[in-house]
Amino acid sequence: MKSERSIATQILDLIRAEAMPVGQHLPAQMLADKLRISRSPINEALALLHEKGILVRERNRGYFLAQAVPTSDTDTAQSLGLDETDVVTSTYFRIADDLLRGQLPGEFSEQLMRTRYGLTTTQLAAVLGRIRDEGWAERKPGYGWQFSSMLTTPDSLIQTYRLRLAIEPAALLEPGYRLDPKVLERLRAAERHLLDGGIETDTPDQLHGRGVRFHESLVEASGNPFFVDTMRRVTRVRRLLSYRSMQDRARYRPHAQQHLDILELLARERNEEASARLHDHLKHTIDAIGKIAGLLKP
């Protein structure tokens with residue numbers, strides 16, 4: 001399981017990414033849904049952020065943002081004592097990189113990982129819990145773990161985009177489609193942040209998270225639970241290769257501008273044009289991934 005401090009940092013990232021204002025209500029279930037984490041550790045992390053003064057708790061109402069969250073995630077984490085998860089996070093990315101380089105076996109024991117990466121039992125549990133939750137490794141029946149073989153090739157990432165190409169533009173054409181104006185403005189703010197320098201300075205987690213929130217928010221506005229469930233499943237399995245593709249960040253600038261164009265069309269309720277633009281955007285991404293396939297190969 002991820003530590004409560006790790007989850008607290010993720011909550012801060014979400015607050016920052018969605019430009020949440022002071023006074024914003026932070027329901028535990030909403031955070032659990034967005035971060036794909038059960039409510040119990042979310043509540044522990046909220047209590048920690050309340051203790052640190054970031055949140056205020058109102059009886060029978062829950063937690064609310066008490067102060068603006070600085071734009072620098074590192075400074076915030078350090079000042080609040082939340083940066084102790086650096087070992088877990090850095091090890092997570094080392095494992096991902098080693099796996100994609102073909103330097104890890106398909107099956108492994110916890111002892112192997114503990115020794116190889118110099119982890120404590122608690123740190124190892126946090127790392128493996130995150131990897132398991134994101135779908136690229138699972139515990140074997142009886143003993144040991146195994147990596148998913150379907151998530152380590154360039155073709156795997158492109159195939160997830162082909163699935164998205166089939167469902168995301170269609171979601172925008174669903175009867176009764178409605179993207180909440182507040183969500184739309186948060187998405188716009190996130191894209192402007194990227195264009196204002198976030199592309200170069202954001203962590204891989206933050207870059208991936210902003211992309212996920214953009215596309216999932218568009219699909220969720222369809223109100224079609226089958227689209228939403230499929231989108232969330234494909235998001236989980238593509239994370240590993242998405243991180244590797246972030247070594248080339250130049251492609252994020254046109255992507256951010258394309259996202260803003262789509263949002264503008266949706267704001268004007270020109271959904272057919274937005275759907276066509278989203279189709280072109282995803283196709284452009286597939287082509288871009290093809291050009292950086294070398295980064296994704298072991």
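- When all heavy atoms of Ala171 and Tyr177 are compared, the closest pair comes out as O-CD1, 3.2 Å.
- There is no path of hydrophobic side-chain contacts, each under 4.5 Å, that joins Leu266 to Leu173.
- In terms of heavy-atom proximity, Phe147 sits nearest to Ala137 at CD2-CB, 3.8 Å.
- When side chains are defined from C-beta on, Leu187 does not count as touching His259, because their heavy atoms never get closer than 4.5 Å.
- For the pair Leu165 and Leu282, the tightest heavy-atom approach, listed with the atom from each and the gap, is CD1-CB, 3.6 Å.
- Ion pair Arg253/Glu191 not flagged as a salt bridge, since none of the NZ, NE, NH1 or NH2 atoms sits closer than 4.0 Å to an Asp/Glu carboxylate oxygen.
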Between Leu49 and Leu26, is the side chain to side chain contact (heavy atoms under 4.5 Å, CB included) condition met? List the steps. CA-CA 11 Å; Leu49 291 173; Leu26 294 169; over 6 Å; no

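- Placement of Leu65 and Ile42 within a single hydrophobic cluster is found when ILVMFWY residues are connected by side-chain heavy-atom separations under 4.5 Å, directly or transitively.
- Under the 4.5 Å side-chain criterion, counting only non-hydrogen atoms from C-beta, Leu104 is in contact with Arg116.
- Val219 and Leu163 fall within a single hydrophobic cluster, where Ile, Leu, Val, Met, Phe, Trp and Tyr side chains are chained together by heavy-atom contacts under 4.5 Å.
- Listed by chain and number, the residues in a side-chain hydrogen bond (donor to acceptor under 3.5 Å, both in side chains) with Glu174 are Asn224 (sequence neighbours excluded).
- The heavy-atom pair separating Ala45 from Ala8 by the smallest distance is CB-N, 3.7 Å.
- Linking Ile, Leu, Val, Met, Phe, Trp and Tyr whenever their side-chain heavy atoms come within less than 4.5 Å leaves Ile262 and Leu265 in two separate clusters.
- Taking the six-membered ring where tryptophan is involved, the planes of Phe64 and His25 are essentially parallel, since the angle between them stays under 30° and well short of 60°.
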Side chain to side chain contact (heavy atoms under 4.5 Å, CB included) evaluation trace for Val234 with Ile167: CA-CA 11 Å; Val234 77; Ile167 66 170; 5.6 Å; no

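- Gln257 contributes atom CD, which lies 11.5 Å from atom CG of Leu194 (distance to the nearest 0.5 angstrom).
- Salt bridge status for Lys34 with Glu18: present, with a side-chain N to carboxylate O gap under 4.0 Å.
- Looking at Leu172 and Leu179, their side chains never come closer than 4.5 Å, going by heavy atoms from C-beta outward.
- With contacts defined as side-chain heavy-atom distances shorter than 4.5 Å, the pair Ser275/Leu278 does not qualify.
- Summarising the geometry of Arg213 relative to Ala17, their closest heavy-atom pair is NH2-CB, 2.9 Å, with the distance given to 0.1 Å.
- By the 4.5 Å heavy-atom criterion applied to side chains, Arg57 and Leu46 are not counted as neighbours.
- Annotation: side chain of Met231 is not in contact with side chain of Glu220 (no heavy-atom distance under 4.5 Å).
- Under the 4.5 Å side-chain criterion, counting only non-hydrogen atoms from C-beta, His255 is in contact with His284.
- Atoms CG and CG, from Leu195 and Leu260 in turn, are 6.0 Å apart once rounded to the nearest 0.5 Å.
- Of the charged side-chain nitrogens involved, none lies within less than 4.0 Å of a carboxylate oxygen, so that Asp229 and Arg232 do not count as a salt-bridged pair.
- For the pair Tyr143 and Ser109, the tightest heavy-atom approach, listed with the atom from each and the gap, is OH-CB, 3.5 Å.
- The number of heavy-atom neighbours closer than 6.0 Å to CD of Glu272, taken from other residues, nucleotides and ligands shown, is 12 or below.
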Please determine whether side chain to side chain contact (heavy atoms under 4.5 Å, CB included) holds for the pair Tyr63 and Val56, giving the CA-CA distance in whole Å, both sets of side-chain angles, and the decisive distance to 0.1 Å. CA-CA 6 Å; Tyr63 292 94; Val56 62; over 6 Å; no

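- When only modelled atom types and interatomic distance are considered, Gln159 and Arg162 share no side-chain donor-acceptor pair under 3.5 Å.
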Chi angles and distances behind the side-chain hydrogen bond (donor to acceptor under 3.5 Å, both in side chains) call for Trp145, Glu107: CA-CA 6 Å; Trp145 291 70; Glu107 299 183 359; over 6 Å; no

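- The shortest distance between side-chain heavy atoms of Asp261 and Glu264 does not fall below 4.5 Å.
- Listed by chain and number, the hydrophobic cluster partners of Val22 come to none, as no ILVMFWY side chain reaches under 4.5 Å of it.
- Looking at Tyr117 and Asp98, their side chains do bring a donor and an acceptor atom within 3.5 Å of each other.
- There is a path of hydrophobic side-chain contacts, each under 4.5 Å, that joins Leu112 to Leu128.
- Atom OG1 in Thr230 sits 11.0 Å away from atom CD in Glu168 (nearest 0.5 Å).
- Glu185 has a carboxylate O that lies under 4.0 Å from a charged side-chain N of Arg188, or vice versa, which qualifies the two as a salt bridge.
- For Gln258, the side-chain hydrogen bond (donor to acceptor under 3.5 Å, both in side chains) partners are His281, not counting sequence neighbours.
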Applying side chain to side chain contact (heavy atoms under 4.5 Å, CB included), run through Arg114 and Thr120 and close with a yes or a no. CA-CA 7 Å; Arg114 186 184 299 111; Thr120 66; over 6 Å; no

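- Between Arg132 and Glu138 there is no salt bridge, since none of the side-chain N atoms of the basic residue sits less than 4.0 Å from a carboxylate O of the acidic one.
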